[in-house]
Amino acid sequence: MEPSLKIRPMKTSDLDAAMEVDALCLPAPWTAGIWKTELESPLGFHLVAEEKGRILGQIGVKNILDELHITTLAVRPENRRSGVARNLVEAAIEEFPDTKEVYLEVRPGNDAARRFYGSLGFRDTGRRPRYYGDEDAVLMTLSLRSH
Ligand SMILES: CC(C)(COP(=O)(O)OP(=O)(O)OC[C@H]1O[C@@H](n2cnc3c(N)ncnc32)[C@H](O)[C@@H]1OP(=O)(O)O)[C@@H](O)C(=O)NCCC(=O)NCCS
């Protein structure tokens with residue numbers, strides 16, 4: 001990790017920057033209302049990647065028992081391929097050391113995200129019909145169970 005990159009919990013004062021990142025990255029970014037609900041959820045946990053006071057990316061997860069669900073992840077286009085997302089995912093998992101499975105939904109055509117998750121050991125494990133309304137989601141899962 002670049003020494004200047006900080007991964008830290010998201011604060012409400014980061015919301016504008018996180019929404020700006022999302023608008024650059026996601027086809028259906030969360031509204032301020034959705035963000036508020038997610039940030040207030042007792043199951044939710046959000047991190048940002050910050051460099052020199054600038055928010056480069058964000059991740060949200062929900063923890064239920066030994067499962068972690070990645071609910072949002074985005075990195076500014078100009079800061080990609082330098083490990084920002086990998087550091088965000090690893091830091092989120094470290095926060096919940098009892099995690100046995102991490103899962104997420106991704107659009108079938110989102111090659112960058114599918115390759116990214118694949119590089120971390122996630123595998124395609126299912127399909128959620130019409131998850132995005134207009135499109136199915138591919139379910140990807142990382143198993144951390146010891147064999
Ligand atoms: C997916 C996303 C979060 C990856 O962020 P990132 O910070 O660029 O990812 P990292 O730099 O940590 O990548 C780690 C590894 O993942 C793989 N990877 C990441 N992006 C890739 C791409 N576009 N093509 C192929 N492999 C890729 C590579 O193996 C990479 O390692 P390398 O750069 O040493 O080859 C980013 O592309 C993004 O914000 N996309 C738009 C939003 C989105 O799709 N979010 C996920 C919704 S489910």
Side-chain angles (χ1 to χ4, degrees), residues 1-11 13-41 43-64 66-97 99-144:
M1 179 159 89
E2 291 291 320
S4 51
L5 187 73
K6 253 198 291 181
I7 306 290
R8 60 159 178 82
M10 184 171 166
K11 300 178 271 190
S13 55
D14 298 316
L15 189 52
D16 286 351
M19 288 183 69
E20 184 195 319
V21 172
D22 283 7
L24 296 168
C25 299
L26 298 167
W30 286 352
T31 60
I34 296 175
W35 264 110
K36 190 167 175 289
T37 307
E38 293 294 320
L39 289 174
E40 284 171 358
S41 165
L43 305 175
F45 179 69
H46 294 262
L47 293 170
V48 291
E50 182 192 285
E51 193 175 54
K52 297 175 189 142
R54 190 160 184 262
I55 302 300
L56 306 188
Q58 57 80 14
I59 189 171
V61 296
K62 275 191 174 146
N63 168 241
I64 302 169
D66 57 8
E67 288 186 3
L68 209 60
H69 183 194
I70 298 180
T71 53
T72 180
L73 174 67
V75 172
R76 280 184 192 277
E78 67 271 28
N79 296 103
R80 291 185 188 161
R81 301 305 291 265
S82 59
V84 174
R86 191 183 64 242
N87 279 289
L88 283 166
V89 171
E90 288 174 354
I93 294 173
E94 271 169 31
E95 186 69 23
F96 300 95
T99 301
K100 298 268 193 301
E101 266 178 9
V102 187
Y103 66 99
L104 60 103
E105 291 82 12
V106 60
R107 286 187 188 261
N110 190 347
D111 286 334
R114 293 180 70 177
R115 284 173 195 274
F116 164 70
Y117 289 118
S119 79
L120 297 187
F122 285 78
R123 296 292 168 252
D124 292 1
T125 47
R127 197 115 181 157
R128 298 219 197 271
R130 300 190 59 76
Y131 181 84
Y132 297 105
D134 55 340
E135 211 180 3
D136 293 355
V138 174
L139 180 69
M140 296 187 77
T141 308
L142 173 67
S143 176
L144 300 172

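Both ligands and their constituent atoms are indexed starting at 1 by order of listing. Given the structure is predicted, the values throughout are model-derived calculations rather than measurements. Just so it is clear, the values below take in all heavy atoms, side chains as well, and ignore hydrogens, waters and symmetry mates.
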### Message
Students should find this: residues with any non-hydrogen atom under 4.0 Å from ligand 1. What is the answer?
### Response
Cys25, Leu26, Leu73, Ala74, Val75, Arg80, Arg81, Ser82, Gly83, Val84, Ala85, Arg86, Glu105, Val106, Asn110, Ala112, Ala113, Arg115, Phe116, Tyr117, Ser119
### Message
Among Leu73, Asn110, Thr72, exactly one meets side-chain contact (heavy atoms from CB on, under 4.5 Å) together with Leu26. Which residue is that?
### Response
Thr72
### Query
Do the non-hydrogen side-chain atoms of Arg86 and Phe116 ever get within less than 4.5 Å of each other?
yes
### Query
Would a 4.5 Å heavy-atom cut-off, applied to side chains only, mark Arg127 and Pro108 as touching?
yes
### Message
Are Trp30 and Thr71 packed together at the side-chain level, in the sense that at least one heavy-atom pair is separated by less than 4.5 angstrom?
### Response
yes
### Query
Using the ring of each side chain (for Trp, its six-membered ring), is Tyr103 parallel, tilted or perpendicular to His69, with breaks at 30° and 60°?
parallel
### Task
Might you work through the side-chain contact (heavy atoms from CB on, under 4.5 Å) test for Leu142 and Leu144, ending with a clear yes or no?
CA-CA 6 Å; Leu142 173 67; Leu144 300 172; 3.9 Å; yes
